[in-house]
Amino acid sequence: MTPFLAGLGFSAIAIFIAEMGDKTQLVAMSLATRYRALTVILGITAATLVVHAGSVFLAEVLGAAIPTDWLTLVAGAAFLFFGFWTLRGDEMSEKDEARAASRRIRSAFMTVFVVFLVAELGDKTMLATITVGTQHHWLPVWIGSTVGMVAADAIAIAIGAVLGKKLPERAIQIGASVLFFGAGAVMLAQGAWMLLS
């Protein structure tokens, strides 16, 4: 497998997992109750492209400033942190709900774009994209993280529309946490091995 495909696949899977049960997924479901699903998907995609472009830029800066072995250890610790964060859960605050319900912007697309952009800033998936970006080239991480994010939100929107209710959040949180813990443990072991070699 080429480094490009490895970065693309790993980032898509990592961000897909990170988005499951995340606050921004709840925001997407809320927006889908007000606007057409296609409009929500397009707005989410545009917002994700912007936020994750900033994330991979930060990852490139960090990658150039910190030695690879230490960066791998930090990334492993970050994935363990994301596992605990996912297990704890993430809920929409009243502020997030107010943003999702806002109709101040006339364009539905721009409303979705702005609401999702603001909700994503500093969110777990943004931080996970930075973490993955320190391990892989920025371009496949940018593309993969966007694909993973949009795919997770599209599934939630579709299932929410069909079932008329949310996904079983606790089961998703536990499954995603286990995957984060596994990835974090592997990265910590790799980082320790590089330091000791």
Side-chain angles (χ1 to χ4, degrees), residues 1-25 27-28 40-86 90 109 112-156 176 179-195 197:
M1 181 181 299
T2 67
F4 184 89
L5 289 177
L8 184 75
F10 186 77
S11 61
I13 292 167
I15 302 312
F16 180 87
I17 292 166
E19 182 64 0
M20 287 298 173
D22 193 56
K23 170 183 68 176
T24 49
Q25 192 177 47
V27 168
V40 175
I41 295 295
L42 291 174
I44 286 170
T45 302
T48 301
L49 283 167
V50 170
V51 171
H52 289 193
S55 299
V56 294
F57 173 75
L58 286 172
E60 286 292 309
V61 170
L62 289 172
I66 302 171
T68 304
D69 47 5
W70 284 103
L71 204 53
T72 303
L73 281 172
V74 169
F79 268 69
L80 292 178
F81 172 74
F82 297 147
F84 286 115
W85 187 346
T86 301
D90 208 4
F109 172 82
V112 172
F113 174 81
V114 170
V115 168
F116 202 80
L117 182 85
V118 171
E120 181 61 12
L121 292 175
D123 197 51
K124 177 176 52 183
T125 47
M126 179 185 172
L127 300 175
T129 301
I130 294 169
T131 303
V132 173
T134 63
Q135 304 295 304
H136 299 279
H137 188 268
W138 69 270
L139 182 60
V141 172
W142 184 44
I143 295 167
S145 65
T146 300
V147 167
M149 180 84 141
V150 172
D153 289 334
I155 289 170
L179 293 173
F180 272 126
F181 291 142
V186 168
M187 288 178 158
L188 284 173
Q190 286 175 341
W193 179 259
M194 286 190 278
L195 276 174
S197 297

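Minimum interatomic distance between A14 and V132 (heavy atoms only, all atoms of both residues): CB-CG2, 4.0 Å. Of all heavy-atom pairs spanning L80 and F181, the tightest one is O-CE2, 3.4 Å. Nearest heavy-atom pair, A46 versus F109, reported as atom, atom and distance to 0.1 Å: CB-CZ, 3.8 Å. Closest approach of D153 and Q25 over heavy atoms only: OD1-CA, 3.4 Å. Nearest heavy atom pair, residue A59 against residue G133, reads CB-C, 3.4 Å. The shortest heavy-atom contact between E60 and H136 is OE2-O, 4.3 Å.
Around atom CZ of F57, no more than 12 heavy atoms belonging to other residues, nucleotides or ligands sit under 6.0 Å away.
One distance of note links CG of L8 with CD1 of I13; it measures 9.5 Å at 0.5 Å rounding. Atom CG of L49 is separated from atom CD1 of I44 by 12.0 Å, given to the nearest 0.5 angstrom. For the atom pair OG1 of T129 and CE of M149, the computed distance is 7.0 Å after rounding to the nearest 0.5 Å. In this structure, CD on E120 lies 7.0 Å from OG on S55, to the nearest 0.5 angstrom. Here the CZ atom belonging to F116 is positioned 8.0 Å from the CG atom belonging to D123, to the nearest 0.5 angstrom. Here CG of L58 is found 12.0 Å from NE2 of H52. Values are rounded to the nearest 0.5 Å.
In this pair, W142 and W138 present their aromatic rings tilted. The plane angle is within the 30 to 60° band.
Residues passing the side chain to side chain contact (heavy atoms under 4.5 Å, CB included) test with L127 are F82, W85, I130, sequence neighbours excluded.
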